[in-house]
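The structure presented is a predicted model; accordingly, all values stated were derived computationally and were not measured.
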Amino acid sequence: MPSAPDASALLPANTMHGLVGRVFVWLAIALVALFMAIGAADSGFAIHMAIIAAAALLTASATMSRADYGVLAGVTPAETVDRSRYDDDVIRLGVIATVFWGLVGFLVGVIIASQMVFPDLNLSQYLNFGRLRPVHTSAVIFAFGGNALIATSFYVVQRTCRARLAFPGLAIFVFWGYQLFIVLAATGYLLGITESREYAEPEWYVDIWLTIIWVAYLAVYVATIARRHEPHIYVANWFYLSFIITVAMLHIVNNLSMPVSLVGSKSYSAFAGVQDALTQWWYGHNAVGFFLTAGFLGMMYYFVPKQAERPIYSYRLSIIHFWSLIFLYIWAGPHHLHYTALPDWAQTLGMVFSVMLWMPSWGGMINGLMTLNGAWDKIRTDPIIRMMVFALAFYGMATFEGPMLSIKAVNSLSHYTEWTIGHVHSSALGWNGMITFAAIYYLTPRLWGRERLYSLRMVNWHFWLATLGIVLYASALWVAGITQGLMAREYGSDGYLVYAFAEIVAAMKPYYMIRVVGGLLYLIGGFVMAYNVWMTIRGRVRVEAPMSSAAYDPDKDRPMAPAVAQQGA
């Protein structure tokens, strides 16, 4: 198991003075946070400062408990670090955090979906739909997806560069600092602390903390590439690096704001009116483009060839895919603002670049799928490959549907309906979720030195639970969205709307119920994964027939004879 975190590796660790200095820094941060909590202008800010003080005190305690005082005093010799091995402690922590936050995000998603069907589940001001919804989106995007990206990027950059992480202590700081950001963001939403900006709800002081973490993340990643022993930079690193750099730019610009008080949570955006809307959706769409697309494509370009044991189909195509994607994506944000006060030329620009995105996106999908040339039989015997193929299929479908929905004529029907929600979730659950699950299943036995996963057949169960959940969820909301759009634009012979808003809402209830069932199946699949990962970490191996077997007798732990299997069916 990984050792306790030392998030303060920014100061020298090889001297007693360095240890004292690091502990002093964290104690000073705790003291300042406590003073700010005492003088806070609102209760939410006071709670957040108390959380920061507690985190700083825990870090100071962990720093002191981990120190080898004999080495620091020069009494005992320092152990020689084995530079032939990679720094995987932070990646192990990242895998565990990814699974944990994934379950949290999926669970909150099922709760808020249930609240749409059963309004009485809005229990209090802290647990109503309005406050839980950003908890769900942030948990699945930034907690589940963000931890997956940090962990896999640290794994991939070391293996493809044949170099250890440049600053392992700073990498640990990135991990634990990111967990603090997640806690501050989630508790802030429950307390009503929000900037009310889609995918960017945390207030000014949480934004500053995330900026510090992200700069440290960039430093670790770039420095590791700079000290590589492999002359070529593999394309997965290009995607990861573009994700890190672009998300930093998006985050800083979109969150430019002026706090009302330095000891209060409230702030006001530097932008206003249509400029604010354009800035928000320039950020919002490209958060999808670079956080949920470019970063996960880095994951795809490494783990699909490794699991398939085949080289990438076309390295040239991957380079074309990369440059065309990052050039086109950054212009597509205005398609979220069709039929608004945004100038028409800007709306058209967003639409045109969105349609153009279809080509490079499908180039990446084709590249991933064609990597399985000569290994298609593995889809039948390897559920991890099956997850990867399913993820690529949904990436292709989502990157066709997205450009289609950006066309003004289609957008006039789809926007502000459940069709958009169905589109987002089909891509998030199908593309991001499935490729992350596959990466976790790939990483877990290797990171903990196990021969294989606890159970490959449980991976198969997870695949089918997740697949059925996605199909129910997405298809229900596609139908619901088209129904909403058609009902909302239906005029009678008298020139008045046929359906009142309340009637449209009432018509959605069956589809909302199907969404709950789909989300619940996806959540159950997540728990199956968590159990499988936990048992793998513990070193357990489930005795089971290989996936190629048609049937299985659990009493004898061997494949059934064909006749017996047929009789049982």
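Distance check, rounded to the nearest 0.5 Å: CD1 of I421 to OG of S426 gives 11.0 Å. If you take CG on L165 and OG on S153, they are separated by 8.5 Å, rounding to the nearest 0.5 Å. Taking CD1 of I213 as the start and CG of L170 as the end, the distance is 8.5 Å to the nearest 0.5 Å. Note that NE2 of H423 and CH2 of W478 are 10.0 Å apart. Values are rounded to the nearest 0.5 Å. Taking CE of M397 as the start and OG1 of T399 as the end, the distance is 9.0 Å to the nearest 0.5 Å. Once rounded to the nearest 0.5 Å, the distance linking CD1 of I407 with CG of L413 reads 12.5 Å.
Looking at Y512 and E418, their side chains do bring a donor and an acceptor atom within 3.5 Å of each other. Side-chain atoms of Y454 and T444 include no donor-acceptor pair closer than 3.5 Å. Side-chain N/O atoms of H415 and H338 include no donor and acceptor closer than 3.5 Å. A donor atom on one side chain and an acceptor atom on the other are not found under 3.5 Å apart for Y329 and T246. A donor-acceptor pair shorter than 3.5 Å can be found between the side chains of S455 and E544. A side-chain N or O of R386 and one of N460 form a donor-acceptor pair less than 3.5 Å apart. Y189 and S138 share a donor-acceptor pair across their side chains, judged by distance under 3.5 Å alone. Between the side chains of W419 and Q484, no donor-acceptor pair is found at a separation under 3.5 Å.
Under the 30°/60° scheme for interplanar angles, the aromatic rings of H321 and Y301 are found to be tilted. Ring orientation note: the planes of H136 and H425 are close to parallel, at an angle under 30° on the 30°/60° scale. In this pair, F303 and Y155 present their aromatic rings parallel. The plane angle is below 30°, not in the 30 to 60° band.
T98 is not listed as a side-chain neighbour of I150, based on a closest heavy-atom distance of 4.5 Å or more. Side-chain contact between T436 and L149 is absent, with no heavy-atom pair separated by less than 4.5 Å. Using a 4.5 Å cut-off on side-chain heavy atoms (C-beta onward), Y473 and L521 make no contact.
The backbone N or O of L342 sits less than 3.5 Å from a side-chain atom of Q347, completing a donor-acceptor pair. Panel note: side chain Q158, backbone D87; a donor-acceptor pair is recorded below 3.5 Å. At distances below 3.5 Å, at least one donor-acceptor pair connects side-chain atoms of R92 with backbone N or O atoms of L447. Remark: the backbone N or O of R228 is not paired with any side-chain donor or acceptor of R162 at under 3.5 angstrom. Side-chain N or O atoms of N147 include one that pairs as donor or acceptor with a backbone N or O of A143 at under 3.5 Å. Within the 3.5 Å criterion, the main-chain N or O of K408 finds a donor-acceptor partner in the side chain of Y339. No side-chain donor-acceptor contact under 3.5 Å links W431 to the backbone of T293. The backbone N or O of H251 sits less than 3.5 Å from a side-chain atom of N255, completing a donor-acceptor pair. A donor-acceptor contact shorter than 3.5 Å links the side chain of T371 to the backbone of Y313.
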Under the side-chain contact (heavy atoms from CB on, under 4.5 Å) rule, what do M529 and L103 come out as? Steps first, then yes or no, please.
CA-CA 10 Å; M529 174 188 68; L103 293 180; 5.6 Å; no
Under the side-chain contact (heavy atoms from CB on, under 4.5 Å) rule, what do F291 and F142 come out as? Steps first, then yes or no, please.
CA-CA 9 Å; F291 203 99; F142 299 112; 3.7 Å; yes
side-chain contact (heavy atoms from CB on, under 4.5 Å) between T137 and R133, worked out
CA-CA 6 Å; T137 54; R133 192 264 180 179; 3.8 Å; yes
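F390 and F394 have their aromatic ring centers within a separation under 6.0 angstrom. Remark: aromatic rings of F181 and Y178 are close, center separation under 6.0 Å. Proximity of the aromatic rings of Y234 and Y302 is defined here by a centroid distance below 6.0 angstrom, and this criterion is not met. The ring of Y522 has its center closer than 6.0 angstrom to the ring center of F106.
When the shell of 6.0 Å around CH2 of W282 is examined, it contains more than 12 heavy atoms from other residues, nucleotides or ligands. A 6.0 Å sphere centred on CH2 of W464 holds no more than 12 heavy atoms belonging to other residues, nucleotides or ligands. More than 12 heavy atoms of other residues, nucleotides or ligands shown are found within 6.0 angstrom of CZ on F271. Environment of CH2 in W209: crowded, with over 12 heavy atoms of neighbouring residues, nucleotides or ligands closer than 6.0 Å.
The minimum heavy-atom distance between G525 and H462, with the atom names listed, is O-CD2, 3.1 Å.
When each of H336, H335, H285 is tested with S354 by the rule side chain to side chain donor-acceptor pair (under 3.5 Å), just one qualifies, namely H335. Of the residues listed (W214, F296, W238), the one engaging F243 in a ring pair (Phe, Tyr, Trp, His ring centres under 6.0 Å) is W214, and it is the only one.
At a threshold of 4.0 Å, the pair D377-R380 does not count as salt-bridged, since none of the basic side-chain nitrogens sits closer than that to a carboxylate oxygen. Classification of D88 and R446 as a salt-bridged pair fails, no side-chain N sitting under 4.0 Å from a carboxylate O.
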